[in-house]
Amino acid sequence: GGATKGVTFCDEVHSNNRLYDDPTSAAEEPETKNGTTNLRRHSLVRLLMPKPKQNNRAQRSHSAPETTLSRSSLQYNIQESVFGLEQVEARYDEFHLPESSYTFLITEPILSASFAVGLIAYAVSIACLALALQNELDNGSDDNPYSIAEVTTTVRIVQYLGCIIGVIMDDEIPTGLELIGKALEQKTDGEKVFPMSKIIFSSILRLSIWAMFLACLFLVVVQESNVLDIFFDMIALEFVETIDDVIFELCKRGFFSRRLKVVANQEYVIQCSSSRDARRVRKWSKRFIRAMYFSTAIILLSGLSIITERQFEGAFGCRSLIIDFGDGVWEDAWVMLDQKCSVDSDCNNANHRCYSGDGFCYENRLLIYSHFNGYYNQEGNAGERPRYVERNKEKGDPFKSTIPAELWYCEDIESWVLSHPKIRPSLDADEINECNWLLRSGETEEFDLVELSTAEQWFLWKGQIQKDYHFQVSCAECANDAECNYFGKCKSEPDVDQKCDCIPGRFGVFCEHEIPCEVIRSEKDPNTTLKIVKDLDKDGDNINFVNIYGRPLYQAKMNGKPISVMRRGYPGQEEQYFEVKYPVNASAEVAPHKHESPVEYFDDDFFEIYNKSTSFQQLMSNYTFLLRYTGRRWYGQILDPGLSGETFKEEEYHAFWMNSFSGLGQDDNSTLIISEPTSKNSPVDVDFFEMRRRNKVFEGGIYDYDYSPYGVMIPLVAHDGAGFFHCNKP
């Protein structure tokens, strides 16, 4: 027959003994033979229980069966077993529809209230899943559209488990596909035949819920970076998927109406055909359902495997950073030299010490953190997170000989740290900090340094910990032409995802700068001009000048004292305007406020120190005055006259390792003037200062002046913002 209905849900009592019943007969009837009562059993029972003996031999117990069987009895048992399996299989001719509001879409009229309840349940589920999916997609960005997170190994394992558990938890696909199979097997001559169109319609709705659930599940798994967050999101999605079951249960208990209670408490059965074709459909439908289960899991796990591989490559995080370490200064950094040693006396200078930990001499010098500004690119991983390595100050290519700094995750303190293999916080074993960090974050599990630099507290090492330090980290990659300020094209590069290729006349990471002025003049002497150092576009880009730290170099050939770029002879009687204070009992020779003579050096510590050497006296007759950027400030320096675009090795230049300003007295690299901190693309309209008393050579004597790391900085302009250099327009 077709489907059958009971009157109420309490009227029918089903016994497990029906498993043994012949579905075409009534209950088992007792038979009497030879005064003994026997049951006419199902063949499966005969298989499990030995056949009663008909002779006078004592019957063996079930716990001690016969160990030998005759050939005829063995054939009999095999035949009975086959018949029994067929009878068990016949039980699948009746398929009970699941207790779900989607069943109303099959059994009830289209215009009925129960059918509407089924549609409402579906609408609520699909709307919730659609909103969840939209929310996950909105988390993306141009360079990471699906917001795929960088994760630890623990979270990665949970991601794989989440995909497997999600497939197991979801019962919409097997139910939907099985319903379609049963629709094909359904008898067409029973008392109640369910329309195939309604069965397929209900199944399609189930399958759409399944597809949305798995899509949401996959995005949740790949976007979350916390174990509990993954599990909580999975539970939430599973609840949304089972809203139809919740609504059906409420209907069954009569919370909505008596009519819905009656409908929900019916038992609906699809009577399936027992024909050979129907059984073939049944067999292949089960195989198809099983294949769909496994293929779904394989697709999810394969997609996750591809994502995992790309995560190791850093494809979903920023692979190239631009870092500005701010104005942090450490006056007593220990820097490794190339000289081997066993004791301090093996080192050449009283300012040097031998470190027994590695057997090298170390120099105590000034560390200006902004000298390490610039590009940092991902090279491998540390602590399951990207390791960013400093790049050269020209174009962000790898250094050839200079040893770079590194920004990496230290698992010992669960923090991001900046370190350098040749710089140590201390040479005393008891004072060495974890991972030899120079800068560190608070404890964190974060992967994104761009966000972490603004949201987390950082600590700077300067002989002691400076708390609440701030610096800037930005991604050096572009996602579209808009991020190139529409002055360039966002193109793929080998070591990064995408990088701006600027049009002629623009330069910078995001094409944010105009080509700088080629000739600049001094505020003090308009006849003193410095010209940009040309590079003749040897690097194959649009920049035809020497470029370090993303800025040009300016030079001028000079001889004698560079009065035109210093503060000689003014402001006369207005020293107090410049807040110049004379130290107690100071002599006129050390007054740090102005130059008394263009030819005498006794009034200026820079020239006084250097003029004691023959080489400096020779240099002053012919030298190059060079103005160059060092990461945060412009330095004006007196250098060898042979410097040019042909001889300057911009790809290896580093302000720290080239001693742009070390504060070591005569070992300092001739820095004479210095600008205020600036990010401008040229020194034009930037305020400058003349530097005095900034070397350690002045720490001796009976007076302790306690100068700042840059010494005494004397303004070269009378008003803030006036700028000391200006552009000479062609």
Side-chain angles (χ1 to χ4, degrees), residues 2-3 19 23 85-107 118 121-122 125-126 129 160-188 190 193-218 221 234 237-245 248 267-305:
L19 176 65
L85 292 175
E86 290 177 351
Q87 292 294 90
V88 171
E89 183 68 21
R91 291 293 301 158
Y92 290 98
D93 291 345
E94 292 185 357
F95 179 77
H96 294 256
L97 294 179
E99 293 188 344
S100 167
S101 56
Y102 297 140
T103 297
F104 296 158
L105 304 177
I106 300 175
T107 62
Y122 170 76
S125 294
I126 200 71
L129 290 173
Y160 281 93
L161 290 176
C163 288
I164 296 173
I165 294 172
V167 173
I168 295 174
M169 289 170 59
D170 182 52
D171 65 344
E172 299 296 353
I173 181 171
T175 304
L177 294 176
E178 190 172 21
L179 280 170
I180 294 175
K182 294 304 178 183
L184 297 175
E185 297 178 46
Q186 184 178 204
K187 289 182 178 179
T188 59
V193 178
F194 297 110
M196 180 175 292
S197 59
K198 297 179 74 174
I199 295 177
I200 293 177
F201 174 69
S202 175
S203 299
I204 290 175
L205 296 189
R206 286 181 176 275
L207 294 178
S208 65
I209 293 291
W210 161 76
M212 290 290 288
F213 171 80
L214 289 183
C216 291
L217 173 71
F218 188 76
V221 164
M234 288 175 59
L237 290 175
E238 177 63 19
F239 170 76
V240 170
E241 190 194 28
T242 57
I243 287 177
D244 61 296
D245 298 331
F248 183 85
E267 183 178 7
Y268 299 99
V269 180
I270 295 179
Q271 295 292 337
C272 301
S273 172
S274 299
S275 65
R276 182 182 296 247
D277 291 339
R279 292 180 182 277
R280 185 178 297 112
V281 169
R282 182 181 307 165
K283 179 177 68 174
W284 282 103
S285 67
K286 291 189 178 297
R287 290 180 179 178
F288 183 72
I289 293 172
R290 194 178 301 121
M292 285 296 295
Y293 247 121
F294 285 110
S295 61
T296 300
I298 290 172
I299 290 172
L300 291 181
L301 295 177
S302 297
L304 189 55
S305 298

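On a predicted model such as this, the values are computed, not experimentally measured, just so you know. Numbering of residues begins at 1 and proceeds along the displayed sequence. Both backbone and side-chain heavy atoms feed into the values below; hydrogens, waters and symmetry mates do not.
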Exercise. Does any non-hydrogen side-chain atom of Ile180 lie less than 4.5 Å from one of Ile204?
Worked result: no
Exercise. Of all heavy-atom pairs between Asp244 and Glu172, which one has the smallest distance, and what is that distance?
Worked result: OD1-OE2, 3.9 Å
For this session: Locate the shortest heavy-atom distance separating Ile168 from Tyr293; write the atom from each residue and the value.
Result: O-OH, 4.0 Å
Exercise. So, for Leu301 and Tyr160, which heavy atoms are closest and what is the spacing to 0.1 Å?
Worked result: CD2-CD2, 3.7 Å
Exercise. Does Ser295 use its side chain to pair, donor to acceptor, with the backbone of Met292 at less than 3.5 Å?
Worked result: yes
Problem set entry | Atom of Gly166, atom of Leu217 and distance for their closest heavy-atom approach | CA-CD2, 3.5 Å
Seminar exercise, completed: Minimal heavy-atom distance between Ser101 and Ala121, with the atoms involved, is OG-CB, 3.2 Å
For this session: List the atom of Phe218, the atom of Cys163, and the distance in Å for their closest heavy-atom pair.
Result: CD1-SG, 4.4 Å
Problem set entry | Beyond-backbone contact of Tyr102 with Leu179, side-chain heavy atoms, under 4.5 angstrom | no
For this session: List the steps and the verdict of side chain to side chain contact (heavy atoms under 4.5 Å, CB included) for Ile199 and Ile270.
Result: CA-CA 11 Å; Ile199 295 177; Ile270 295 179; 4.1 Å; yes
For this session: Indicate yes or no: at least one non-hydrogen side-chain atom of Val221 is less than 4.5 angstrom from one of Leu300.
Result: no
For this session: Look at the side chain of Thr103 and the backbone N and O of Glu99, then say whether any donor-acceptor pair between them is shorter than 3.5 Å.
Result: no
Exercise. Does some side-chain heavy atom of Val269 sit less than 4.5 Å from a side-chain heavy atom of Leu97?
Worked result: no
Problem set entry | side chain to side chain contact (heavy atoms under 4.5 Å, CB included) evaluation trace for Phe213 with Ser125 | CA-CA 10 Å; Phe213 171 80; Ser125 294; over 6 Å; no
Exercise. Are the side chain of Ser208 and the backbone of Leu205 linked by a donor-acceptor contact shorter than 3.5 Å?
Worked result: yes
